[in-house]
Q: 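To start, I am sharing the structure in question, which I have written as structure tokens.
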Amino acid sequence: MTTFADLGLSQKVNSAVADAGYTVPTPIQAGAIPPALQRRDILGIAQTGTGKTASFVLPMLTLLETGRARARMPRTLILEPTRELAAQVAENFEKYGKNHRLNIALLIGGVSFDEQDRKLERGADVLICTPGRLLDHCERGKLLMTGVEILVIDEADRMLDMGFIPDIERIAKLIPFTRQTLFFSATMPPEIQKLADRFLQNPVRIEVAPPSSTAKTVTQRLIASNGKDYEKRAVLRDLIKAQDDLGYLKNAIIFCNRKKDVADLFRSLERHGFSAGALHGDMDQRSRTTMLHNFKEGNLQLLVASDVAARGLDIPDVSHVFNFDVPIHAEDYVHRIGRTGRAGRSGRSFTIVTRHDTKYLDAIEKLIGEKIEWQDGDLTALPAESEGSDNGRDRRGKGRGRERDRDRKRDRQPAPAVTEAVTAPANEDNGEEVVAAEARSTSVKAERKTERKSRDEARPSRQNAPANDDHRERRRYRDHDDGPTPVGFGDDIPAFMLIVANAKS
DNA sequence: AAAAAAC
């Protein structure tokens, strides 16, 4: 059997891999690492979850051992479609590069330029970027791309979906022709093939089977619901409680199709006393980072997310995926449920289906080539909807305030006082702002510390994400649900909370 | 019917 030791990686890399507990490479790793070490171009066709990231990180670390970075001239460049994925790749470099002394710079949007700039000035061996921020740095003249030896284009098909290809082409033009290019995509539609032909020279092609399109380790079920959001939320809560009572629920990602619904559902779950976080692209980057971090650490049991979290995020041991909405694109279903049942573990997925979703459900079942079982009866078993059909436009219009009231009346669970105070003034117009504020409220202690620090340190960075003792603080704060006064702030209550609390009483 | 990404 092939082991990592057979692949030609350096001693430093092999020892970091062994420390991480790995001995046997995955097929994409076994296929890509040897030719990558020989400076060949690579065309890797692989989904996330196949060990793809290590298949470029490990050979890059080995190749980077000779030579040094010069100021503003990065030696390697990795392009990722989302900020979270970029951060995850950076973590991989830290983990497997622990025996190296490499400068790794993460260039993503939503955070301060200054620190990124300082890293560039020092000379970066590895640059991990989302396209927009990289181009921004280039346009400011802060970056010279003529020294790039290795270019990695990751998740190319997703880059295409997101309209990043023109940016990628602009970036590639700045990099010498003599570079080595590693190109990864989960699928190879004609546009991607054309792109690969332009970017790659005589590549080694490695294609690995998707881990059986929908992982066999995931038990999938459908739940019928009427179309009203408040009904779906009640169905979801019952489902979560039932899975928890059975002892199955460790943690869950709950997917919504829209950012606004992520915000609404998150608020609702918090109001009902669940331990929940939110993640979508309109949240400020600090909240995004904090939420993901807290979910990974187990400080939040539920993560309500948009499809920003559907692909590639590596959160080991997620027990459940709930689809609050049926995804519009069938492939997204596969990506979403792929967040659970990872690394051979078992996982469960539940998808809430309404009468409006049947054609999307059909497309999903066609794509995965099987019928998904209903948990308790299909749509025909539902009582008729009370107020006629509910389409999306209706839901967003005038009927909405009434629904909100009814939703509240349905369940009399007391909500934590602080959360209630913060969420009370939610309305159509400031929904997203409230989410940002809530994201803060769940980590007030942590953020107070970093804010204090940041007065001296220009702007806070990812590295300033809350440390472990802060989580314990927050949990105590979250579980405290008696008394109308915000508790846990000392005499340092943020102004926005005081306003809200006073307005309420 | 959406989401993602630069300021």
Side-chain angles (χ1 to χ4, degrees), chain A residues 48 78-88 106-114 116-117 127-143 153-171 186 227-229 232 253-265 278-285 288-289 292 304-313 323-336 339 352-364 389-397 400 431-432 435 459:
Chain A
T48 47
I78 299 164
L79 295 170
E80 295 288 336
T82 69
R83 297 170 185 174
E84 277 74 16
L85 279 179
Q88 194 168 286
L106 179 63
L107 304 190
I108 60 175
V111 294
S112 139
F113 267 93
D114 298 348
Q116 295 177 357
D117 201 42
L127 216 54
I128 305 156
C129 317
T130 46
R133 181 55 71 96
L134 174 66
L135 284 170
D136 207 341
H137 277 284
C138 288
E139 279 157 16
R140 290 171 189 223
K142 301 289 193 180
L143 211 42
I153 298 166
D154 198 13
E155 304 262 331
D157 51 352
R158 195 172 179 203
M159 299 264 204
L160 178 77
D161 284 349
M162 292 169 65
F164 280 162
I165 299 304
D167 286 349
I168 305 288
E169 306 229 26
R170 278 174 65 202
I171 293 163
K228 302 269 200 289
D229 274 2
K232 290 171 77 175
I253 304 181
I254 304 166
F255 285 102
C256 301
N257 286 357
R258 300 176 203 80
K259 289 179 279 199
K260 181 154 199 343
D261 291 336
V262 170
D264 290 349
L265 180 58
L279 184 66
H280 67 70
D282 279 355
M283 288 164 55
D284 67 83
Q285 189 56 38
R288 282 169 69 164
T289 307
L292 188 58
V304 188
S306 69
D307 280 315
V308 69
R311 301 196 197 194
L313 281 196
N323 287 311
F324 185 75
D325 299 308
V326 178
I328 293 163
H329 292 302
E331 322 86 73
D332 286 335
Y333 176 83
V334 180
H335 290 296
R336 287 179 181 186
R339 295 312 99 208
I352 299 176
V353 182
T354 73
R355 292 191 173 84
H356 315 293
D357 300 323
T358 46
K359 72 173 171 196
Y360 300 118
L361 177 61
D362 291 345
I364 289 167
S389 81
D390 179 355
N391 56 40
R393 202 168 300 284
D394 241 61
R395 207 166 58 217
R396 286 199 160 42
R400 209 161 157 279
E432 316 259 271
V435 170
R459 272 192 64 175

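Labels below follow one simple rule: chain letters A, B, ... track the order of the sequence lines, proteins then strands, and each chain is numbered from 1. Please read all numbers here as calculations on a predicted model, not as lab measurements. Reckoned from all heavy atoms, side chains included, excluding hydrogens, waters and symmetry mates.
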Q: Whole angstrom is fine here: how far is it from CG in A:Asp154 over to P in B:dA4?
A: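 Distance, rounded to whole Å: 19 Å.
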Q: What is the distance, to the nearest angstrom, from the NE2 atom on A:His335 to the C1' atom on B:dA3?
A: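 For the pair A:His335 NE2 and B:dA3 C1', the rounded distance is 13 Å.
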Q: With distance as the sole criterion, do the side chain of A:His329 and the base of B:dA2 form a donor-acceptor contact below 3.5 Å?
A: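 It does, because a donor-acceptor pair links the side chain of A:His329 to the base of B:dA2 below 3.5 Å.
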Q: Between A:Leu134 (CG) and B:dA4 (P), how many Å, whole number?
A: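 That distance rounds to 21 Å.
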Q: Kindly point out which of B:dA6, B:dA1, B:dA3 is positioned nearest to the side chain of A:Ser306?
A: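 The closest nucleotide is B:dA3.
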Q: To the nearest Å, give me how far apart CG (A:Leu279) and P (B:dA3) are.
A: 13 Å
Q: Need one value for A:Arg158: base, sugar-phosphate or nothing, where a base atom within 4.0 Å counts as base even if backbone is also close, heavy atoms only.
A: nothing
Q: Can you check the A:Tyr360 OH to B:dA3 P distance for me, whole Å?
A: 13 Å
Q: Answer yes when A:Lys260 and A:Asp264 have at least one side-chain N-carboxylate O distance shorter than 4.0 Å, and no when they do not.
A: yes
Q: Remember a base hit wins even if backbone is also touched, and classify A:Asn257 as base, sugar-phosphate or nothing at under 4.0 Å, heavy atoms.
A: sugar-phosphate
Q: What's the shortest heavy-atom distance between A:Asn257 and A:Arg336, and which atoms?
A: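 Of all heavy-atom pairs spanning A:Asn257 and A:Arg336, the closest is OD1-NH2, 2.8 Å.
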Q: Round to the nearest Å and state the distance from A:Met283 atom CE to B:dA4 atom P.
A: 10 Å
Q: A:Asp136: what forms a salt bridge (Lys or Arg N to Asp or Glu O under 4.0 Å) with it, not counting sequence neighbours?
A: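 Once residues adjacent in sequence are excluded, the partners of A:Asp136 under the salt bridge (Lys or Arg N to Asp or Glu O under 4.0 Å) criterion are A:Arg140.
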Q: Which residues pass the salt bridge (Lys or Arg N to Asp or Glu O under 4.0 Å) test with A:Arg339, not counting sequence neighbours?
A: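 Counting only residues at least two positions away or on another chain, A:Arg339 forms no salt bridge (Lys or Arg N to Asp or Glu O under 4.0 Å).
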Q: Between A:Glu155 (CD) and B:dA5 (C1'), how many Å, whole number?
A: 15 Å
Q: Across the strands shown, which category fits A:Arg288 at heavy-atom distances under 4.0 angstrom: base, sugar-phosphate, nothing?
A: sugar-phosphate
Q: Closest approach to the side chain of A:Asp357, judged atom by atom: which nucleotide of B:dA6, B:dA4, B:dA1 is it?
A: B:dA1
Q: Where the side chain of A:Ile328 is concerned, which of B:dA6, B:dA1, B:dA5 is the nearest nucleotide?
A: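 From the listed options, B:dA1 comes nearest.
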Q: Where the side chain of A:Asp332 is defined as all heavy atoms beyond and including C-beta, which of B:dA6, B:dA4, B:dA2 is the nearest nucleotide?
A: B:dA2
Q: Can you measure A:Ile352 atom CD1 to B:dA1 atom C1' for me and round it to whole angstrom units?
A: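 It works out to 17 Å between those atoms.
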Q: At less than 4.0 Å, is any side-chain N or O atom of A:Lys260 found next to OP1 or OP2 of B:dA1? Yes or no.
A: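 No, A:Lys260 has no side-chain N/O under 4.0 Å of OP1/OP2 on B:dA1.
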Q: Does A:Arg158 reach the side chain of A:Leu85, with side-chain heavy atoms less than 4.5 Å apart?
A: yes
Q: Ignoring the backbone of A:Arg258, work out which of B:dA5, B:dA2, B:dA4 is nearest its side chain.
A: B:dA2
Q: Looking only at side-chain atoms of A:Lys259, point me to the closest of B:dA5, B:dA3, B:dA6.
A: B:dA3
